[in-house]
Structures are given as structure tokens and as C-alpha cells.
Amino acid sequence: MLTGIRVTIIGGDARQLEVIRRLSELDATVQMIGFDNWECRLSGVRKAELTPAAVAASDAILLPAVGTDDAGRIESVFSASSLVFTEELAASLSADVQIFTGMAKPYLRDLCKRHSLALTELFDRDDVAILNSIPTAEGAVMIAVQNTDFTIHGSRSLVLGFGRTGFTMARVLQGLGARVAVMVRKPEHFARASEMGFHAFYPDSLAEEAMSADLVFNTVPSLVLTAKVIAKLPAHAFVLDLASKPGGTDFRYAEKRGIKAMLAPGLPGIVAPKTAGKIIGETLSQLLSQTLDNGRSPT
Ligand code: NAP
């Protein structure tokens, strides 16, 4: 239980509603900022304005999946008001407040550093990233189906990167009957990919592998689908770049060559906000109850 813990949720999307429900179930005291258009009847939950006085007594603050933009603005789909994480706001927070977000841009990281505030980027955690890879792979399949005129079954699908997202992506494609090739850069990943029935290859063979690809799913967050690689793709190939912005594809060259290529960020929040919210809510409540167990008593 999180009795006595005061959590402030600032901005966000449908995922936050699941988090708020979970925190309310666990008896936390929840204050929502930037939820003007959401009518909430959960116990222990109230609305507030974004002022230093309102956030000062928080034990934890949850920001959206992308904490703030480069100017400190916090996005909220439930409000038209502007929400900004300012210096003044950071200065008003107690020294042992915990700030949570999915991933932080340099603005938020720097602000927290300057004010010695503990910042946790939840999407960095293996447990969150692995669970998020499930809606990501499902969303990727949906987009691939919508953008091709052939089945995934029987297609030759390349998955670039064999980390938390690439691993799930490759397995899901295999389950749909694709012939899956996986680009890895470590021998142990080469061995594991082969053991799982994938065709494994190293980055120096990517251009050659591209020649027979129908679908390409990139999870590598640096430029791997270069003009040289895209030049080898068959004209019907479809590239779905799942890596964080700006992705790992030379989109300019893909367009020039007439290869359909898309960047698809934030799929868990788009295709499965309820599941994605549960993942965040569960992890956040575990982390907050660990804090309680470690002796920080709620005031
Ligand atoms: P991860 O576990 O760190 O996996 C990244 C993979 O890329 C690893 O296999 C890594 O190889 C490989 N890699 C990194 N740099 C490389 C390079 N220069 N050349 C070749 N391979 C390279 O990360 P993840 O959790 O799977 O996430 C992957 C990306 O997807 C991130 O950008 C993440 O933000 C994004 N993502 C997007 C969505 C969405 O909705 N589109 C959802 C979740 C995540 P090693 O293992 O050898 O280091």
C-alpha cells in the first residue's frame, strides 16, 4: 500500500489514467495537474494548478512519457493550458522528491541536476522496456499490414538490432510465419538468434541482406539504413523505423528512391494505452513502495 504517499501527476495521455487508478487503489494521495477535461471520481484524487505551492509537498512527481520538450513544456492531452517545468518549480520541490518520466530530454535532465532532484527514466529500465516491446511489436505488425499488399507470412523480414524491442519483434514475426533475419553485433547475440531459428548477420552484411528483404524493422537508434543499404532494397520493400527520433533511416534517400519508409515512435501509447499505462503504474507503485520499505516514512 502507498498510504500517505503524495504523488503529483503532471500532464500526459490515456496512460496516466491507468496510473492514477492504480495509485488510488493503493491508497496514495494523488494530485492531477493538466487534467481539466477529465472527470475523475476516484478516492484520494484531486485536481490542482501547476504552481510551486501545489507541488512543493509532493513525494513523487510523474511526468509524461517524454518528460518535457526542449523548453520545459509538459504535454497534456486533457488540457489546453500551457504547463511548463520551470526553475521556480524545481526550486520549490523538497530535496527528497522523486521525479519519474518515460524518457527525459536534456532540458529536464539538466534542471534536475542543477537542483539535485532524483530523476528516474522508466523506459530505461529493462522490465519496462521488455514489457513495452509487446505493444510496440503489435503496433509494428499493424502498420506493416496497413502499408503492404503482401502477407507477413512467407515474407523475408529483417530486424535490425537484437535488444529488448528487436528480440520481441523478431519472435512475433517468426510466429506469423515470416522468414526472419536479425542484425546483431555481438557473437553471443549471433548465437542466440541462430538458436531461436533466425538467420543472424553482422552489420557489415546489411547491404547484401537488404537485396532480398520484403520488410525491414529497425530498432537501432543510429543511422544504419544508409543510402547504400536502401539502394539495395527491392522496390516493394517496406521500412518501419521503431528507433527513437530521428530513427536510423536515411528517409530523404528512401523517398528519392521511392521506397516506403516510416518512423513510428510511441507505439505502446498509441496502440495499447491501457496496457502501457498499467506497465507504468505497476512499476511506479513498486518503486514507491520500495522507498517506503527503505524507511522513508510518508509525512
Ligand atoms: P536496446 O535494448 O538498447 O536495443 C538496441 C539494439 O540496437 C541493441 O541490440 C544494440 O546492440 C543495437 N545497436 C545499438 N547501436 C548500434 C549500432 N550502431 N549498430 C548496430 N547495432 C546497434 O533498446 P530497445 O529498448 O530495444 O529500444 C530500441 C529503440 O527503440 C530505442 O531507440 C527506443 O527508444 C525505441 N523504442 C521505440 C518504441 C516505439 O514505439 N517505436 C518502443 C520502444 C522502444 P548491442 O546489444 O550490441 O548493444
Side-chain angles (χ1 to χ4, degrees), residues 12-15 64-67 75 101-106 108-109 120-144 146-147 158-173 180-196 198-210 215-226 228-230 238-251 261-280 283:
D13 52 35
R15 285 173 277 193
V66 178
E75 213 173 63
T101 183
M103 60 178 113
K105 294 205 169 199
L108 182 61
R109 285 199 197 125
T120 304
E121 294 185 52
L122 295 168
F123 295 172
D124 265 356
R125 293 173 53 93
D126 275 344
D127 53 356
V128 174
I130 290 168
L131 290 171
N132 263 339
S133 73
I134 303 166
T136 304
E138 288 188 11
V141 165
M142 177 189 80
I143 296 173
Q146 286 169 341
N147 284 280
L158 304 193
V159 176
L160 313 183
F162 200 46
R164 297 161 302 188
T165 308
F167 198 96
T168 306
M169 192 71 243
R171 226 171 30 75
V172 165
L173 291 167
V180 182
V182 178
M183 185 181 86
V184 300
R185 55 177 183 177
K186 294 189 178 116
E188 60 269 35
H189 289 168
F190 193 102
R192 177 58 70 197
S194 305
E195 176 275 325
M196 291 179 72
F198 306 129
H199 167 70
F201 67 91
Y202 289 112
D204 57 2
S205 309
L206 178 56
E208 194 185 320
E209 295 289 340
L215 294 165
V216 184
F217 298 87
N218 177 51
T219 73
V220 175
S222 30
L223 184 62
V224 282
L225 284 161
T226 57
K228 186 181 153 213
V229 174
I230 292 168
F238 174 61
V239 175
L240 188 59
D241 201 328
L242 300 169
S244 49
K245 281 181 191 163
T249 306
D250 184 338
F251 287 101
M262 286 171 63
L263 188 64
L267 287 176
I270 296 167
V271 300
K274 198 172 174 95
T275 307
K278 278 188 176 155
I279 295 168
I280 297 171
T283 309

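Just follow the structure's listing: the first ligand is 1, and inside any ligand the first atom is 1.
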| Distance filter under 4.0 Å to L267 heavy atoms, resulting ligand 1 atoms | 39 (C), 40 (O)
| When only distance counts, is A264 in polar contact with ligand 1, meaning an N/O pair under 3.5 Å? | yes
| task | Indicate, as side chain, backbone, both or neither, the part of S133 found under 4.0 angstrom from ligand 1 when only non-hydrogen atoms are considered. | result | neither
| remark: In terms of heavy-atom contacts, G166 and V159 come closest through O-CG1, 3.6 Å
| query | For T136 and M169, what are the C-alpha separation, side-chain angles and deciding distance, and is it a side-chain contact (heavy atoms from CB on, under 4.5 Å)? | reply | CA-CA 8 Å; T136 304; M169 192 71 243; over 6 Å; no
| message | Any nitrogen or oxygen of A243 lying under 3.5 Å from a nitrogen or oxygen in ligand 1? Just yes or no. | response | no
| message | Applying a heavy-atom cut-off of 4.0 Å, say which part of S244 lies close to ligand 1: side chain, backbone, both or neither. | response | both
| message | Give the atom numbers and elements of ligand 1 that come within less than 4.0 Å of a heavy atom of P268. | response | 40 (O)
| For atom 18 (N) of ligand 1, what is the nearest protein heavy atom, given as residue, atom name and distance? | S222 OG, 3.3 Å
| task | Could you say whether the N/O atoms of G266 and ligand 1 ever approach to under 3.5 Å? | result | yes
| field | Shortest reach to atom 42 (C) of ligand 1 by a heavy atom, considering only T136, N132, T168 | value | T136
| said: Take a 6.0 Å sphere around CZ of R109 and say whether it holds more than 12 heavy atoms from other residues, nucleotides or ligands. | reply: yes
| Atoms of ligand 1 close to K186 [distance to a heavy atom under 4.0 angstrom, numbered from 1] | 45 (P), 46 (O), 47 (O), 48 (O)
| task | Compare every heavy atom of P64 with every heavy atom of G12, then report the nearest pair and how far apart it is. | result | N-CG, 3.6 Å
| Which protein non-hydrogen atom lies closest to atom 8 (C) of ligand 1, naming both residue and atom, and how far is it? | G163 N, 3.9 Å
| field | Any H189 heavy atom less than 4.0 Å to ligand 1 | value | yes
| remark: Closest to atom 37 (C) of ligand 1 by heavy-atom distance, out of I270, L242, L240, is L242
| query | How does R164 reach ligand 1, by side chain, by backbone, by both or by neither, if only non-hydrogen atoms under 4.0 Å count? | reply | both
| field | Which atom of L225 lies closest to which atom of I230, heavy atoms considered | value | O-CD1, 3.3 Å
| Of the choices Y202, F217, F162, which has the non-hydrogen atom that lies closest to atom 9 (O) of ligand 1? | F162
| request: Going by heavy-atom distance to atom 21 (N) of ligand 1, choose the closest among V184, V220, L160. | output: V220
| message | For D250 and T226: C-alpha separation, side-chain torsions, deciding distance, then whether side-chain hydrogen bond (donor to acceptor under 3.5 Å, both in side chains) applies. | response | CA-CA 5 Å; D250 184 338; T226 57; over 6 Å; no
| query | When you measure from atom 47 (O) of ligand 1 to every protein heavy atom, which one gives the shortest distance, and what is it? | reply | R185 NE, 3.0 Å
| task | Please say whether P221 places an N or O atom under 3.5 Å from an N or O atom belonging to ligand 1. | result | no
| task | Could you pull out, from D126, L206, T219, V182, the option with a heavy atom nearest to atom 28 (C) of ligand 1? | result | T219
| said: Restricting to non-hydrogen atoms, name the atom on P273 and the atom on V271 that form the minimum distance, rounded to 0.1 Å. | reply: CD-C, 3.7 Å
| query | When the ring planes of Y202 and F190 are compared, do they come out parallel, tilted or perpendicular, using 30° and 60° as the limits? | reply | parallel
| Nearest non-hydrogen partners of K245 and P265, listed with the distance | CE-CG, 4.0 Å
| Is there side-chain contact between L240 and V216, with at least one heavy-atom pair below 4.5 Å? | no
| query | How far is atom 26 (O) of ligand 1 from its nearest protein heavy atom, and which residue and atom is that? | reply | T165 N, 2.8 Å
| request: Could you walk me through whether M183 and L158 pass the side-chain contact (heavy atoms from CB on, under 4.5 Å) test, one step at a time? | output: CA-CA 7 Å; M183 185 181 86; L158 304 193; over 6 Å; no
| message | Working note: T168 + S133, criterion side-chain hydrogen bond (donor to acceptor under 3.5 Å, both in side chains); need CA distance, chi angles, decisive distance, verdict. | response | CA-CA 6 Å; T168 306; S133 73; 2.7 Å; yes
